[in-house]
Amino acid sequence: MNHQLRPIPFVRLVLPFLAGILLYEYSDLSYGIFFVLAVLGMVFTLFFSFVSLAHANRWLFGIVLWTGLLGGGYLAAHHHDESNTPWHFSVESEPELYVLGRIEAEPKKKRTVQSVVRIEGVGVSVDSIQSSRGRALVYIPMDTSSVHLSKGDLILMKTRFKPPRANLNPGGFDYGRYLHVENIHHTAFVYAGDWLVLERGGMDGIANIPDDIRSHVIHTLQKYIVSENEFSVASALVVGYKDEMTEDVRLAYANTGAMHVLAVSGLHVGIIYMLVKWLLMRIFPRRGKWSAILQGLISILTIWVFALVTGSAPSVMRASAMFSFLIIGDVLTRSKNIYNTLSGSAFVLLLFNPFILLSIGFQLSYLAVIGIVYFQPKIFRLWYIQNKLGKWFWNMTSVSLAAQVMTLPISLYYFHQFPTYFWLSGLIVVPAAPFILCIGILLVVIDLLLPVLGSLVGGLLWMILWSMNAGIFFIEKLPFHLIEGIRFGMYELLFSYFIIGLIILFIEWKKKWIFYVISITLLLFSLMSVVQYYANLDSKEIVVYHSRSGLLVDYVLNGKRKTIKSIDLQGGEELSVAKGYRIENGVFHDDETYMLEKDTIAPFISISESLLNLDEVSFYFLNKDYKTSRLKQQLTLDYLCIMDDPFVDFEVLAEDFEVGTLVILGSNSTRRVNFYKRKSKELGWDIHVTRESGALVLEL
C-alpha cells in the first residue's frame with residue numbers, strides 16, 4: 001500500500017490534517033492535547049528528516065508526521081474560529097452595545113436589509129468604543145435609508161448580539177451550523193433610527209475591482225437578454241450571480257439534477273483555462289523556459305481573477321487551486337497525478353480556511369471530480385460504440401454516472417431527493433455551458449469594442465439559453481422525474497462510502513475476501529433498514545410545529561402520518577416546517593390531512609370547532625375568533641394553544657379552561673408573547689413557547 005501512495009504525497013498529508021479539523025468540529029477534546037501533538041509531531045518529523053532510518057523503521061517517520069498533521073488540523077480550525085480569539089466582540093459582557101462595523105458583501109434586500117458586517121469596534125457608549133474583531137449577520141428594517149446600504153459602507157449601530165436561533169422544528173435546517181461554516185457566530189437586529197452611515201464604500205480600490213467587473217458583466221447581460229429566465233441563468237453561469245433567479249428556474253434545475261451547471265465550478269474554470277491557454281499559445285508561443293513561466297503566470301492570474309469575480313464559491317476556489325497546481329506542474333515539466341493535484345489543492349484551501357471542509361459545495365465538487373477521474377473511464381469501457389455521435393452521448397452519460405457514484409450518498413444525506421433524469425439533463429447542460437460562458441464573455445468584449453454587433457451576439461446567446469431552459473423544463477414535466485423524501489442519515493452515509501471504498505479495492509486488487517466483506521456489509525445495511533422500519537411502526541408521537549403562518553400538527557401512529565392544519569397555512573410553509581421531521585421518521589409520503597376549521601371524526605382523531613383530541617390528548621386552539629365565557633362549562637385541557645395574536649382576558653380564560661400547559665405558537669407577535677407569558681405565570685400555568693423552546697413534541 002505504501003508504494004501505491006508514494007506518487008501521491010499530498011493524499012498522505014491531507015488525510016490526517018482533515019481528520020484534525022473534523023475532531024475540532026465534532027469532539028470536546030482539549031486544545032492542549034492537540035497543541036502537544038502538533039509540536040511533538042513537528043519536532044520528531046524534523047529529527048527523523050536529519051536522521052537516517054532503516055527501511056524497516058520508515059513507518060516511524062510516517063506516524064510522527066501524521067501525528068503532527070492531526071494536531072495541526074485541529075489547531076488550524078481552532079484559530080480560524082474567530083469566536084476563540086480574545087479580541088472577538090463577544091467578550092464584551094454588556095447586553096446592549098454601540099458597534100462600529102463595515103459591510104463585507106452586497107446586502108440582500110427583501111423584507112429586511114441583511115448584511116454580513118465585519119466588526120471593527122464595540123463599546124457601551126459611542127465614546128468608549130474599543131477595537132474588536134469578528135463577523136455578524138445584521139438585519140435592518142427596509143426603508144428609504146437602509147435600501148441604499150452597500151458593500152464597504154462603515155456603519156455605527158446600537159444593538160444586542162445573539163447566537164443564531166437554534167432550529168425550532170425537529171429535523172429542520174440548522175441555520176446556526178450554516179453560519180458557523182461562514183465563521184459567523186452572532187446575529188443582530190438593528191431598529192430604524194439606531195444606526196447611521198459614517199463612510200460610504202470604504203473598500204474602493206483594488207479590492208473592489210472584481211465586484212466592479214462582475215457588476216459590469218451583469219449589466220451587459222441584462223442589456224441584451226431581456227427575458228427574466230434566460231438572464232437569470234446567464235448571470236448565474238457566467239459570473240455566479242443568482243439573486244435574480246426565479247423560484248421556477250431554481251426548482252427546475254434542482255429537480256432535474258442540473259443545478260451544478262449554475263454553480264460556477266470546475267467546468268467553468270476548465271473552460272476559462274483552455275480559452276486562455278489557446279490564446280496564449282498564439283500570442284506567446286512557447287520557445288523556452290521563460291515563455292512557459294510567463295504563460296503559467298498569466299493563466300494562474302486569469303483563473304484567480306475569474307474566481308474573485310464569480311464570488312469565490314468553494315467549488316470555484318477548489319477548481320482554481322487544482323488548475324493552479326496543474327499549471328505549475330506543467331511549467332516545471334513534472335509528471336502530474338490528478339489525485340495528488342486534487343489533494344494538494346484541498347490542502348492549500350484547508351490551510352487558509354479549514355471550515356471550507358464543512359461546505360456542501362466543497363464536498364460535492366471534490367467527490368464529483370474523484371468520481372469522474374476514477375469511475376468514468378471504467379464505465380465508458382463497458383459499452384463500445386463505433387458511431388461517433390453515439391460515442392459522444394455515451395461519453396457524456398458516463399461522466400454523469402461517474403459523478404453520481406461518488407456524490408449520490410452525500411446528496412441524499414443533505415437533500416433527501418434523487419433526480420431520476422440527471423443523465424438526460426447532463427446531455428443538455430454540459431455541452432451548452434461552454435458555449436454560454438464563451439459567448440457571454442465575447443458579448444462583454446463586443447459591447448466594449450464593437451457595440452453594433454452586440455445585438456447579434458446577444459441574440460445568439462439568448463437562443464442557446466432559451467433552448468437549454470426549454471429542455472430542462474421539459475425534463476421536469478416527465479413522470480417520476482424526482483424521488484423525494486428519501487430517509488438517509490449519517491449511518492447510511494458512512495455505510496455507503498464504506499461500500500464504495502470496498503468496491504474500489506475490489507476493482508484494484510480483485511480479492512475474493514473483499515467481495516465477501518461487501519456482501520456482509522450490504523446484508524447488515526439491509527437488516528438495519530428493516531429494524532428501523534419496524535421501530536417506526538411502534539412509534540406514536542404528536543408534533544405541534546413552530547410556524548409563523550398558521551397551525552400545523554402531525555400525529556404519527558404505526559408508521560402513518562395524519563396532519564391537522566389551519567386553512568391559512570400555505571403548502572410551501574408546511575413543507576419547510578415539517579419536511580425534516582417527516583423524512584427522519586419515514587412518514588414523508590403518508591398524508592391524511594384534516595382542516596382545524598372543519599368538524600371531523602376519524603379513528604384516533606376528533607375535531608370540533610377549535611377543540612382537537614388526538615389519542616386521548618386534548619388541545620384547544622385559541623385564535624382571534626375566540627370569545628371568552630362562551631363555553632357552557634369549564635373544559636379540562638392537556639394543552640391550550642394560542643395562535644394569531646388574540647387579545648384575551650386571562651382571568652376569564654381561567655374560568656373557561658383548566659389548563660395543563662399553555663402553548664404559545666409562532667404566529668404570535670413578540671409583544672403578545674411577552675404578555676401571554678407574564679399572565680400565565682401569574683396563574684401558575686406551565687408554558688411552552690415555540691419560538692424559544694421549539695416545536696412541542698409528545699411521545700405517547
Side-chain angles (χ1 to χ4, degrees), residues 22 26 167 169-174 177-178 181 250-263 265 314-315 357-372 374-376 379 397 399-426 475-476 478-504 518 521-533 535-536 559 561 575-576 578-590:
L22 293 177
Y26 299 108
N167 175 35
N169 287 303
F173 176 64
D174 192 342
R177 189 72 181 169
Y178 168 76
V181 173
R250 193 186 303 273
L251 283 174
Y253 277 81
N255 293 344
T256 57
M259 196 65 183
H260 63 90
V261 82
L262 301 184
S265 60
S315 55
L357 175 64
L358 309 175
S359 163
I360 298 174
F362 180 86
Q363 295 167 11
L364 286 173
S365 60
Y366 268 93
L367 288 170
V369 173
I370 293 170
I372 291 168
Y374 184 79
F375 286 107
Q376 191 273 336
I379 294 172
T397 304
V399 169
S400 296
L401 290 172
Q404 280 291 334
V405 169
M406 290 301 295
T407 60
L408 180 59
I410 203 164
S411 295
L412 293 178
Y413 175 73
Y414 284 122
F415 307 116
H416 304 284
Q417 62 183 33
F418 177 64
T420 52
Y421 299 113
F422 69 89
W423 54 275
L424 186 55
S425 65
I475 294 172
E476 190 191 23
L478 293 175
F480 310 111
H481 71 280
L482 185 69
I483 302 173
E484 292 185 278
I486 301 171
R487 184 175 58 199
F488 204 84
M490 179 58 71
Y491 290 118
E492 289 84 357
L493 179 69
L494 295 176
F495 260 113
S496 298
Y497 282 116
F498 181 64
I499 291 170
I500 290 172
L502 289 174
I503 290 171
I504 293 172
I518 292 173
T521 304
L522 288 173
L523 179 61
L524 289 173
F525 186 82
S526 302
L527 288 174
M528 282 181 58
S529 299
V530 171
V531 170
Q532 182 65 47
Y533 173 77
N536 284 341
R561 169 172 59 86
L575 190 62
S576 66
K579 182 178 180 180
Y581 172 82
R582 291 173 179 176
I583 289 173
E584 281 186 359
N585 290 271
V587 292
F588 183 81
H589 295 288
D590 298 316

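Note that this is a predicted model, so its numbers are computed, not measured.
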Asker: Is any side-chain heavy atom of Ile475 less than 4.5 Å from a side-chain heavy atom of Pro419?
Answerer: no

Asker: What's the spacing between Leu401 CG and Leu408 CG if we round to 0.5 Å?
Answerer: 11.0 Å

Asker: Listed by chain and number, what are the side chain to side chain contact (heavy atoms under 4.5 Å, CB included) partners of Asn585, not counting sequence neighbours?
Answerer: Glu541, Tyr581, Val587

Asker: For Ile486 and Ile583, run side-chain contact (heavy atoms from CB on, under 4.5 Å): C-alpha distance rounded to whole Å, both residues' side-chain angles, the deciding distance at 0.1 Å, then the answer.
Answerer: CA-CA 7 Å; Ile486 301 171; Ile583 289 173; over 6 Å; no

Asker: Determine whether Phe488 and Leu493 make a side-chain contact, defined as any pair of heavy atoms from C-beta on separated by less than 4.5 Å.
Answerer: yes

Asker: Please give me the minimum heavy-atom distance between Gln404 and Pro409, naming the atom from each residue.
Answerer: O-CD, 4.5 Å

Asker: Under 4.5 Å between any side-chain heavy atoms of Leu494 and Tyr413, yes or no?
Answerer: no

Asker: Under the rule for ring pair (Phe, Tyr, Trp, His ring centres under 6.0 Å), what residues qualify as partners of Phe495, not counting sequence neighbours?
Answerer: Phe525

Asker: Under the 3.5 angstrom rule, does the side chain of Arg582 hit a backbone N or O of His589 as a donor-acceptor pair?
Answerer: no

Asker: Find the distance between CG (Leu251) and OG1 (Thr256) and round it off to the nearest 0.5 Å.
Answerer: 10.5 Å

Asker: Over all heavy atoms of both residues, which pair between Thr420 and Trp423 is shortest? Give the atoms and the distance, please.
Answerer: O-NE1, 3.2 Å

Asker: CG of Asn255 to CZ of Arg250: how many Å apart, nearest 0.5 Å?
Answerer: 12.0 Å

Asker: Quick one: OG on Ser365 to CD1 on Ile360, what's the gap to the nearest 0.5 Å?
Answerer: 11.5 Å

Asker: Sequence neighbours left out, what passes side chain to side chain contact (heavy atoms under 4.5 Å, CB included) with Gln532? Give chain and number order.
Answerer: Arg487, Asn536

Asker: List the atom of Asn167, the atom of Asn169, and the distance in Å for their closest heavy-atom pair.
Answerer: ND2-O, 2.5 Å

Asker: With a 4.5 Å cut-off on side-chain heavy atoms, are Tyr414 and Gln363 touching?
Answerer: yes

Asker: If every non-hydrogen atom of Phe362 is compared with every non-hydrogen atom of Leu357, which pair is closest and at what distance?
Answerer: CD2-CA, 3.9 Å

Asker: Please examine the side chains of Leu358 and Arg177, heavy atoms only from C-beta on, and report whether any two atoms are closer than 4.5 Å.
Answerer: yes

Asker: Between atom CD1 of Ile500 and atom OH of Tyr374, what is the distance when rounded to the nearest 0.5 Å?
Answerer: 12.0 Å

Asker: Quick check: does any side chain N or O of His481 sit under 3.5 Å from a backbone N or O of Glu476, one acting as donor and the other as acceptor?
Answerer: yes

Asker: Can you list the residues that meet the ring pair (Phe, Tyr, Trp, His ring centres under 6.0 Å) rule with Phe418, with sequence neighbours excluded?
Answerer: Phe422

Asker: Applying side chain to side chain contact (heavy atoms under 4.5 Å, CB included), can you list everything that pairs with Ala368, at least two apart in sequence or on another chain?
Answerer: Ala403, Thr407

Asker: A side-chain contact here means heavy atoms from C-beta on lying under 4.5 Å apart; do Leu424 and Leu478 qualify?
Answerer: yes

Asker: Does CZ in Phe173 sit with more than 12 non-hydrogen atoms of other residues, nucleotides or ligands closer than 6.0 Å?
Answerer: yes

Asker: Not counting sequence neighbours, list each pair that qualifies as a side-chain hydrogen bond (donor to acceptor under 3.5 Å, both in side chains) and has a residue in residues 488-500.
Answerer: none

Asker: For Ile372 and Ala402, which heavy atoms make the closest approach, and how far apart are they?
Answerer: CA-CB, 3.9 Å

Asker: Atom CE of Met259 and atom OG of Ser411: how far apart are they, to the nearest 0.5 Å?
Answerer: 13.0 Å

